Amino acid sequence: MASEEFKSLRVNRYFPKVKDFERDEKGNVVGRSLKGPAFMEAHEQFCRERFIAVEEAKMLRTAVSDCYKREGVNHLENCKDIVAEYVSKISAPYYGMLKGPSRLS
């Protein structure tokens, strides 16, 4: 139930796709693969996606806290789905953002 409440909080807003950085076989960014404005746009998109992933984790944390308060002593049984979702989100690299881990150097 709490997971459904969390999904209803999402906003359907999309930014235009921009050219992504070139990546090696490990998924890390290859040097300065983009130049000028393309680099800035790709960097802004990366930062925006990371910010969204962090905010989703914060929303899940709030949902877990609310569930614990609402359920009281039964929170171990009734909140386990939302807690599992929260733990998987914060355990993933970069909070499970879409493009995964990379270095911008």
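Keep in mind that what you see is a predicted model, and the values were worked out from it rather than measured.
- Atom CD of Glu56 sits about 13.0 Å away from atom OH of Tyr95, to the nearest 0.5 Å.
- Atom CD of Glu85 sits about 4.5 Å away from atom CD1 of Ile82, to the nearest 0.5 Å.
- Residues passing the side-chain hydrogen bond (donor to acceptor under 3.5 Å, both in side chains) test with Asp66, sequence neighbours excluded: none.
- Qualifying side-chain hydrogen bond (donor to acceptor under 3.5 Å, both in side chains) partners for Lys69, counting only residues two or more places apart in sequence or in other chains: none.
- Atom CD1 in Ile52 sits 11.5 Å away from atom SG in Cys47 (nearest 0.5 Å).
- Minimum interatomic distance between Ala53 and Lys89 (heavy atoms only, all atoms of both residues): O-CE, 3.8 Å.
- The minimum heavy-atom distance between Ala57 and Ile90, with the atom names listed, is CB-CG2, 4.3 Å.
- The distance from the CZ atom of Phe51 to the CD atom of Glu44 is 14.5 Å, given to the nearest 0.5 Å.
- With sequence neighbours excluded, the residues forming a side-chain contact (heavy atoms from CB on, under 4.5 Å) with Tyr68 are Val64, His75, Cys79, Val83, listed by chain and number.
- Counting only heavy atoms from C-beta outward, the side chains of Glu41 and Gln45 never approach each other to under 4.5 Å.
- Not a single donor-acceptor pair under 3.5 Å links the side chain of Ser65 to the backbone N or O of Arg61.
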